[in-house]
2 protein chains.
Amino acid sequence: MFFLKDLPTRQMLQRYGACYPGMNTEAVAAALNLLRRGSLLMRELEAYFTAHALSQTRFLVLIVIDREPDREGLLASEIADRLDVSRPVVTDTVKALAAAGLLDSVPAVEDGRAKRITLTARGQAVLADLLPGYFAIIGAFMARTDGPGA
Amino acid sequence: MFFLKDLPTRQMLQRYGACYPGMNTEAVAAALNLLRRGSLLMRELEAYFTAHALSQTRFLVLIVIDREPDREGLLASEIADRLDVSRPVVTDTVKALAAAGLLDSVPAVEDGRAKRITLTARGQAVLADLLPGYFAIIGAFMARTDGPGA
DNA sequence: GCTTATTGATTAGCATCCTAACTAATGGAG
DNA sequence: CTCCATTAGTTAGGATGCTAATCAATAAGC
């Protein structure tokens, strides 16, 4: 998360640019906007998930499993591959979601080390319940911040 | 941080949109791009700071103090105001930066509760050292991802 | 002037991320 | 077949964020 509330003005950046000749003022201004906007949206989404006893990461775990319905569930390592989080995070997240009844985790028959992780009916229902609000928050945020002030 | 590596295609979003009538497909696609790009840049910047014994947040603390040279340092609560992090985070961050010799923290004369936090000469030097690399990472990232594929 | 509310900062406890090290199962080389 | 490298998953320990509760100093009410 990028926590700076008031981004430097173009003027301030140009002053920096004078000191650091290689710097692309426009690119930096755009990047700081990207970071700040992304962080603000992230905060809103995290609050939404927290209010529903989830988190961004837990939600994304549900999503990536739901996204491949032809597969008979995913392995933990496959989830980690699709999600740019470390394996231990997948272990903990899956454990929490299974405890909440949203995922099932059964040993894989073809590989004694692996586990097949699937959505339960309840997991699918929770996902379907959350998506409209998720899209609504995103839509409202973009409408609010996509203008000239952004 | 937004961890989903492969964003949903427009086609997948449109299928979702069919199920959830209120959804603005274009806005959602743009928002997911915003989140993912922001997270990728954040990762690069965090790696840069980690390699220099700092973190994004510690760096921003240095920045906000440096940004107001006319003030005789900032109070911890003023740092928290400018930085959208909780007070305890400021307490810990300032403590760590002071231990590293980058900040000074002296009791405020006009208010027995408060502390005036200033950059040391070393803190200013570290900041000046880090900025060129920071801007370079941002510039490279934007050049790489700002194109049509982004 | 004394009591109470507010404010600056910290502490305590929790959540979630990471890397490094570990266990257990698989699979390939000889 | 046996040994060893690889792979799946977990555990352990550390960093960093949060909220709620606490302590101390200031400010405000009567």
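Per chain, numbering begins at 1; letters A, B, ... match sequence-line order. Side-chain atoms are counted along with the backbone in the values below, which use heavy atoms only and exclude waters and symmetry mates. As the structure is a computational prediction, the values presented were derived from the model and not from experiment.
- With hydrogens and angles ignored, the 3.5 Å screen pairs no side-chain donor or acceptor of B:R87 with any backbone N or O of B:A76.
- Each of C:dC17, D:dG17, C:dT19 was ranked by its minimum atom distance to the side chain of B:R43; first place goes to C:dC17.
- A salt bridge links A:R43 with B:D84; the closest basic N to acidic carboxylate O contact falls under 4.0 Å.
- Considering only side-chain N and O atoms, B:S55 lies nowhere under 4.0 angstrom from the phosphate OP1 or OP2 of D:dA15.
- The distance from atom CG of B:L83 to atom C1' of D:dC18 is 16 Å, rounded to the nearest whole Å.
- Of the candidate nucleotides C:dT19, C:dA25, C:dC17, C:dA25 has the atom lying nearest to any side-chain atom of A:D111.
- Judged by closest nucleotide on DNA chain C, A:L54 is the one of A:L54 and A:G112 placed further toward the 5' end.
- Residue A:D92 contributes atom CG, which lies 9 Å from atom P of D:dT10 at whole-angstrom precision.
- Between the CE atom of A:M1 and the C1' atom of C:dT16 there is a distance of 13 Å, given to the nearest Å.
- Note on A:V85: only backbone sugar-phosphate atoms sit closer than 4.0 angstrom, heavy atoms only; bases stay farther off.
- Side-chain contact between A:L54 and A:L102: present, with at least one pair of heavy atoms (C-beta onward) separated by less than 4.5 Å.
- Contact detail for A:L13 and A:P8: the closest heavy-atom pair is CD2-CG, 4.0 Å.
- Rounded to whole Å, the distance from CD on B:E110 to P on D:dA27 is 10 Å.
- Rounding to whole angstrom units, CD of residue B:E78 and P of C:dT7 are separated by 15 Å.
- Set against D:dG9, C:dC18, C:dT10, the side chain of B:T91 has C:dT10 as its closest nucleotide.
- For A:K95, no side-chain nitrogen or oxygen approaches OP1 or OP2 of D:dT10 to under 4.0 Å.
- If you measure from atom CG of A:L74 to atom P of D:dA8, you get 13 Å, rounded to the nearest angstrom.
- Under 3.5 Å, the side chain of A:R113 and the base of D:dT7 form at least one donor-acceptor pair of N or O atoms.
- The distance between atom CG of A:L75 and atom P of D:dA8, rounded to the nearest whole Å, is 8 Å.
- Using a 4.0 Å heavy-atom cutoff across all strands shown, B:S77 reaches sugar-phosphate atoms only and no base atom.
- Note on B:R116: nothing from the nucleic acid sits closer than 4.0 angstrom, heavy atoms only.
- Between B:R116 and B:E110, at least one side-chain nitrogen of the basic residue sits less than 4.0 Å from a carboxylate oxygen of the acidic one, meeting the salt-bridge criterion.
- Rounded to a whole Å, the CZ atom of A:R87 is 14 Å from the C1' atom of D:dT11.
- Of the candidates D:dA12, D:dC18, D:dT16, the closest approach to any side-chain atom of B:R58 belongs to D:dT16.
- Considering only the side chain of A:S86, C:dC18 comes nearest among C:dC18, D:dG17, D:dT19.
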